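See structure below.
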There are 2 protein chains.
Amino acid sequence: MARPADPHARSSLVAAARHEFVRAGIQKARIEDITQACGLSKGAFYLHYDSKEALFREVVGQLEVQFEVMRTARENAYAELIGRGVPSARQASPFIAELQEIDAREDRKLLELLWDWRDVTDVLLRGSQGTEFEGVMWTMLDREVARVELECRAMKDAHLLRDDVPADVLGLMIVGTYLLVARRLSTLQEKPDFDHWVRALQTLIAQGTSGIPVAPPKKKSTQKKQNSRNAILPRKKKRS
Amino acid sequence: MARPADPHARSSLVAAARHEFVRAGIQKARIEDITQACGLSKGAFYLHYDSKEALFREVVGQLEVQFEVMRTARENAYAELIGRGVPSARQASPFIAELQEIDAREDRKLLELLWDWRDVTDVLLRGSQGTEFEGVMWTMLDREVARVELECRAMKDAHLLRDDVPADVLGLMIVGTYLLVARRLSTLQEKPDFDHWVRALQTLIAQGTSGIPVAPPKKKSTQKKQNSRNAILPRKKKRS
DNA sequence: CGTGTTAGTAACCCGCGAGTCAGGAACTGC
DNA sequence: GCAGTTCCTGACTCGCGGGTTACTAACACG
């Protein structure tokens with residue numbers, strides 16, 4: 001028995017917060033701008049949230065949930081596939097095809113998600129240092145790197161991956177690429193063709209760039225002055 | 001004829017600024033902490049610099065110069081090599097070896113530079129949004145991507161690179177990897193073995209990850225429900 | 001319609017930190 | 001030592017923005 005609260009207050013605050021958050025950055029976003037944008041006064045804000053951070057926490061939380069759901073979806077898809085049995089030796093082709101399809105589908109979903117949240121991820125990447133959100137994006141990225149590393153090792157065990165591919169570097173490479181893509185998304189006006197990206201990346205990772213025959217690895221030679229100890233991998237081709 | 005200024009004032013302010021800048025982030029670094037760190041008062045600061053930003057500009061400027069020098073060094077090395085003539089057709093091997101060596105050397109130098117400046121680059125990446133420095137790192141990265149793209153096209157023209165390798169994706173991939181590596185450097189206590197990284201990356205880029213024979217590309221099949229129009233590249237291998 | 005309760009308002013408080021300035025301190029040349 | 005000049009200090013102002021609060025508006029219930 002009393003005046004009822006505006007039912008849209010919270011949701012419109014969150015929406016306005018996301019907007020201001022993106023426009024001004026986490027540190028410079030002002031509560032008064034947010035409340036004005038939804039026709040409320042500063043005082044009203046504190047009826048719904050305890051602090052500026054509490055509001056942002058809601059925005060960031062939504063993002064975290066979405067990405068977490070996506071990551072576990074991929075893990076489950078992998079687990080289900082592997083559970084059906086890894087191909088014993090040489091006719092791995094259908095297995096590979098299915099793996100490839102999972103990756104393509106999940107990568108595409110990931111890009112869609114990055115597209116929807118490109119404004120927020122951008123701010124979290126570039127402007128969260130010194131706030132309570134500074135770790136959010138990097139933690140998510142580290143988790144992705146770890147995931148790729150694990151999958152990579154599993155592939156090696158099943159002999160579906162060259163043995164000398166370093167899992168850590170591959171993880172940084174794949175996730176790093178997506179990181180730059182995500183960053184680039186935030187500068188675009190309209191959604192690009194994600195299939196293009198997904199396929200280009202898959203091919204590039206799987207095949208490399210070599211267009212000419214592979215030179216035989218030099219046998220223990222020490223021609224280079226300074227770079228030849230510690231030969232972890234056989235050197236073969238040029239790079240860029 | 002008068003009291004001479006402390007000759008180390010500027011340089012010790014810059015040093016202290018870099019330290020505070022890293023500790024607290026650009027936005028939260030306080031002038032008084034910086035001056036106290038070098039035994040000066042707040043007032044003295046304004047004898048040497050007009051504002052907080054002016055001081056940080058000096059720190060960031062040093063970094064920009066260093067990276068610019070490095071980038072042009074690589075460009076020159078490439079130009080010099082290409083100026084000596086691109087191999088006509090099939091005995092490209094020594095040319096490739098030299099290219100590879102340039103890349104290895106320059107990549108290593110780049111990692112050393114990233115190591116020396118890891119604290120500052122980290123702050124610029126994560127905490128510069130909303131400041132005048134927000135574009136610095138991303139501009140440098142974009143320049144690097146553009147460089148890789150150009151080199152990639154040149155390689156293709158000389159038939160040293162598979163024709164279907166998309167230059168833009170390759171650029172994002174290489175630079176994205178270095179970006180994550182740089183970020184990871186800032187969490188390390190001691191300098192890792194850069195040769196390891198450089199070689200792993202070179203091999204991975206050139207060779208890809210495939211450990212099993214390449215399946216023939218499907219001829220225009222439309223098996224996949226949603227992902228098969230717009231086939232920019234032949235699909236071949238799995239990814240991670 | 002009157003009363004009690006909650007929603008919402010706007011003026012206020014308050015800490016923080018950038019930038020200022022009047023009053024010394026230190027040094028030089030004579 | 002003294003005058004003149006520049007360096008340096010630390011207390012000050014001031015705007016900014018988060019959070020508070022005394023007050024008013026809107027509504028439900030009887």
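By convention in this document, chain letters (A, B, ...) are assigned in the order of the sequence lines, proteins followed by strands, and residues within each chain are numbered from 1. Only a predicted model underlies this, so the values are computations on that prediction, with no experimental measurement involved.
In this structure, the CD atom of B:Q36 is 9 Å from the P atom of D:dG10, given to the nearest Å. The CZ-C1' distance, from A:F56 to D:dG18, rounds to 12 Å in whole Å. In this structure, the CD1 atom of B:I34 is 8 Å from the P atom of C:dA18, given to the nearest Å. Between B:D6 atom CG and C:dA25 atom P the separation is 19 Å, expressed in whole Å. In this structure, CD1 of A:I26 is placed 14 Å from P of D:dG18, rounded to the nearest angstrom. Rounded to a whole Å, the OH atom of A:Y46 is 17 Å from the P atom of D:dA22. Atom CD of B:E32 and atom P of D:dG10 are 10 Å apart (whole Å). In this structure, B:K28 places its NZ atom 12 Å from P of D:dG18, rounding to the nearest Å.
Looking at heavy atoms from C-beta onward, A:W115 lies in side-chain contact with A:P192 at the 4.5 angstrom threshold.
The side chain of B:R3 places no N or O atom within less than 4.0 Å of a non-bridging phosphate oxygen (OP1 or OP2) of D:dT5. Contact check, A:H48 against C:dG8: a side-chain N or O comes under 4.0 Å of OP1 or OP2.
Counting distance only, with no hydrogens placed and no angle test, the side-chain atoms of B:K42 and the base atoms of D:dG10 include no donor-acceptor pair under 3.5 Å.
Minimum atom distance to the side chain of B:K52 is reached by C:dG19, of the listed D:dG18, D:dC8, C:dG19. Closest approach to the A:R30 side chain among D:dC7, D:dG17, C:dT9 is made by D:dG17 (side chain taken as heavy atoms from C-beta onward). Of the listed nucleotides (C:dA10, D:dC27, D:dG19), D:dC27 has the atom at the smallest distance from the side chain of A:P4. Distance from the side chain of A:L47 is smallest to C:dA7 among D:dG18, C:dA7, D:dC7.
Counting any heavy atom pair closer than 4.0 Å across all strands shown, B:A9 reaches no nucleic acid atom. Contact annotation for A:I31: backbone-only contact, meaning every heavy-atom pair under 4.0 Å involves sugar-phosphate atoms and none involves a base. Residue A:A44 is in base contact, counting any heavy-atom pair closer than 4.0 Å across all strands shown.
Side-chain atoms of B:S51 come within 3.5 Å of backbone atoms of B:A54 as a donor-acceptor pair (strictly under, hydrogens ignored).
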>> Walk me through whether B:F56 and B:I26 qualify under side-chain contact (heavy atoms from CB on, under 4.5 Å).
In response: CA-CA 8 Å; B:F56 286 166; B:I26 299 178; 4.0 Å; yes

>> Please determine whether salt bridge (charged side-chain N to carboxylate O under 4.0 Å, His left out) holds for the pair B:R183 and A:D142, giving the CA-CA distance in whole Å, both sets of side-chain angles, and the decisive distance to 0.1 Å.
In response: CA-CA 11 Å; B:R183 162 87 190 121; A:D142 284 343; 5.9 Å; no

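Counting non-hydrogen atoms of other residues, nucleotides and ligands closer than 6.0 Å to CG of A:D50 gives a total of 12 or fewer.
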